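Following: one structure in structure tokens, then a few remarks.
In listed order, ligands and their atoms are each counted from 1. Computed from a predicted model, the values in this text were never measured in an experiment.
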Amino acid sequence: MAGSLAVVNIGQLVTLAGPARPRVGAELRELGLVENAALLVEDGRITSAGPYSQLRSHIPAGATIVDAQGCCVTPGFVDAHTHLVFAGNRAAEFEQRIAGATYQEIAAAGGGILSTVALTRAATEDELLAAARRHRDWMLRSGTTTIEAKSGYGLERETELGMLRVMARLNAEGPARIVSTLLAAHMIPPEFDGHREEYIRWIEEELIPEVSAAKLAACCDAFCDDHALTVNEARRVLTAARRHGLRLRIHAEQFRPGTGAALAAELGTATADHLEAVTCETLALLRDAAVQPVLLPGSVFALRREQYPPARKMIELGLAIVLATDFNPGSSPVASMPFILSLACLQMRLTPAEALVAATLNAAWSLALGDRVGSLEAGKDADFLIHEFNDYREIMYFIAAPLRPRVFVAGKEVTA
Ligand code: NIG
Ligand code: FE
């Protein structure tokens with residue numbers, strides 16, 4: 001937004017100011033809190049964030065003044081793992097799971113991801129856009145300003161490209177920032193039953209080069225699991241993606257150790273996501289390769305499972321953890337980052353400060369956006385939230401409260 005903006009009367013400003021890299025260990029609890037603060041913005045970028053007493057004389061004449069009324073201001077949430085674009089719902093499977101069926105049993109019977117693939121293939125691109133907009137608006141309203149979004153419900157050329165085009169359109173219309181990830185390696189589609197190798201080869205040799213040349217994705221992901229891709233198949237896809245300039249992420253060890261985390265370390269992927277079943281030895285490999293774990297407690301919760309990823313162990317070992325929703329129609333129909341933060345605190349025993357850093361600054365670094373968003377420091381984009389309270393811990397402590405922060409992206413207030 002052109003012009004000057006000054007947010008004044010901030011009771012508690014969470015800057016997350018510090019070194020320009022993801023936070024580990026005790027750094028995850030350093031919030032750079034400033035009381036009685038102000039935030040100055042010029043043309044959508046932060047020029048300063050600090051005590052009002054020091055900044056008041058720098059507020060330009062004619063600046064738009066926003067009164068935070070003594071409340072807390074934090075960076076906008078960065079949701080680094082979502083399946084934002086899909087058609088339909090899986091409410092019937094929700095009922096099956098309530099009755100006792102597991103996610104894997106439903107998948108093995110041809111439901112799960114493949115049922116959303118059928119619905120998504122049958123939808124028009126405009127229908128997918130309308131559905132994705134609805135999901136995006138839920139996220140914006142609960143304070144998410146940057147969203148990573150994956151394809152993976154097409155598993156053939158036209159629908160995979162269509163999902164990525166929907167993300168590009170959403171990103172262009174704003175205000176949320178969308179980072180696109182190719183996830184054609186989500187499952188082997190039914191047409192390739194008995195010919196898995198051909199599907200993997202098509203992704204390597206045709207789809208990845210086309211997506212990369214058209215700049216339709218920044219990242220590539222693969223779902224490594226007993227019902228999805230083997231470690232060797234995931235290695236092939238991710239290696240090809242890296243050759244074509246895509247950054248790498250992987251769904252690893254959601255249900256069983258040995259399904260992809262060591263591969264993440266071997267390839268030096270940006271992230272390894274899920275990791276509910278990861279072992280301590282593999283965590284050390286991830287740390288040594290600077291892979292960021294993306295923790296998705298919404299999927300553990302919604303699948304009624306008990307094993308959350310070992311977040312405290314990860315922090316102890318020095319891993320730069322990230323929290324995300326995994327928003328999708330099956331394993332995690334959860335769009336709200338505040339709810340994810342509540343789960344992270346209560347089920348994985350993160351402190352509220354650790355959860356907030358993992359959901360903002362560390363998430364931004366995992367998307368190679370750490371120099372632009374995720375903290376409130378001079379030079380960064382002014383993506384921030386004015387909460388209705390003056391203690392950031394209320395974000396996670398009032399569980400599933402219908403919080404309505406004022407949301408700003410690049411200094412402009414969002415009305416979603
Ligand atoms: O991250 N695990 C694979 N992909 C998603 C689930 C997608 C779906 O069930 O539709 C996940 O949990
Ligand atoms: Fe996922």
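- Interatomic distance, H81 NE2 to S299 OG, rounded to the nearest 0.5 Å: 8.0 Å.
- The pair E173-R169 fails the salt-bridge criterion, with no side-chain N (NZ, NE, NH1 or NH2) lying under 4.0 Å from an Asp/Glu carboxylate O.
- The contact set between ligand 1 and F223, taken as ligand atoms under 4.0 Å from a residue heavy atom, comprises 2 (N), 3 (C).
- For F398 and F389, the ring centers are positioned 6.0 Å apart or more.
- The atoms of ligand 1 that sit less than 4.0 Å from any heavy atom of Q254 are 2 (N), 12 (O).
- Residue contacts with ligand 1: S331 is placed with a nitrogen or oxygen under 3.5 Å of a nitrogen or oxygen of the ligand (distance criterion only).
- H83 contributes atom NE2 as its closest N/O/S atom to the Fe ion (ligand 2).
- For ligand 1, the atoms closer than 4.0 angstrom to any heavy atom of D326 are 1 (O), 11 (C), 12 (O).
- What sits closest to atom 7 (C) of ligand 1 on the protein, heavy atoms only, is Y153 OH, 3.3 Å.
- Contacts of E210 classified as salt bridge (charged side-chain N to carboxylate O under 4.0 Å, His left out), with partners at least two apart in sequence or in another chain: R157.
- By the 3.5 Å distance cut-off applied to N or O atoms, H274 is counted among the residues near ligand 1.
- Within the listing of ligand 1, atoms 6 (C), 7 (C), 8 (C), 9 (O) sit less than 4.0 angstrom from a heavy atom of Y103.
- Looking from atom 5 (C) of ligand 1 to the surrounding protein, the closest heavy atom is H83 NE2, 3.5 Å.
- The Fe ion (ligand 2) forms the vertex of an angle spanning NE2 of H251 and NE2 of H81; to the nearest 10 degrees it equals 90°.
- Residue H81 has at least one heavy-atom neighbour below 4.0 Å for each of these atoms of ligand 1: 1 (O).
- Partner of V73 under the side chain to side chain contact (heavy atoms under 4.5 Å, CB included) criterion, chosen from V66, I386, L385: I386.
- Residue contact check: G330 has heavy atoms under 4.0 Å from atoms 9 (O) of ligand 1.
- Taking the six-membered ring for Trp and the full ring otherwise, F86 and H135 have centroids separated by under 6.0 Å.
- Within ligand 1, counting atoms from 1 as listed, the ones closer than 4.0 Å to a heavy atom of H251 are 1 (O), 2 (N), 3 (C), 4 (N), 11 (C).
- Contact annotation: D326 places an N, O or S atom under 2.8 Å from the Fe ion (ligand 2).
- Salt-bridge annotation for R165 and E125: present, with a side-chain N of the basic residue lying under 4.0 Å from a carboxylate O of the acidic one.
- Between D391 and R393 there is a salt bridge, with a side-chain nitrogen of the basic residue lying less than 4.0 Å from a carboxylate oxygen of the acidic one.
- Shortest contact from atom 4 (N) of ligand 1 to any protein heavy atom: H186 NE2, 2.9 Å.
- For T116, the closest heavy-atom approach to ligand 1 does not fall below 4.0 Å.
- Side chains of E148 and T181: a donor on one and an acceptor on the other come within 3.5 Å.
- Here the two rings, on F327 and H83, have centers that are 6.0 Å apart or farther.
- Of all the atoms in ligand 1, the ones that sit under 4.0 Å from a non-hydrogen atom of N328 are 5 (C), 6 (C), 7 (C), 8 (C), 9 (O), 10 (O), 11 (C), 12 (O).
- One finds a salt bridge joining D383 and R177 here, because a Lys/Arg side-chain nitrogen approaches an Asp/Glu carboxylate oxygen to under 4.0 Å.
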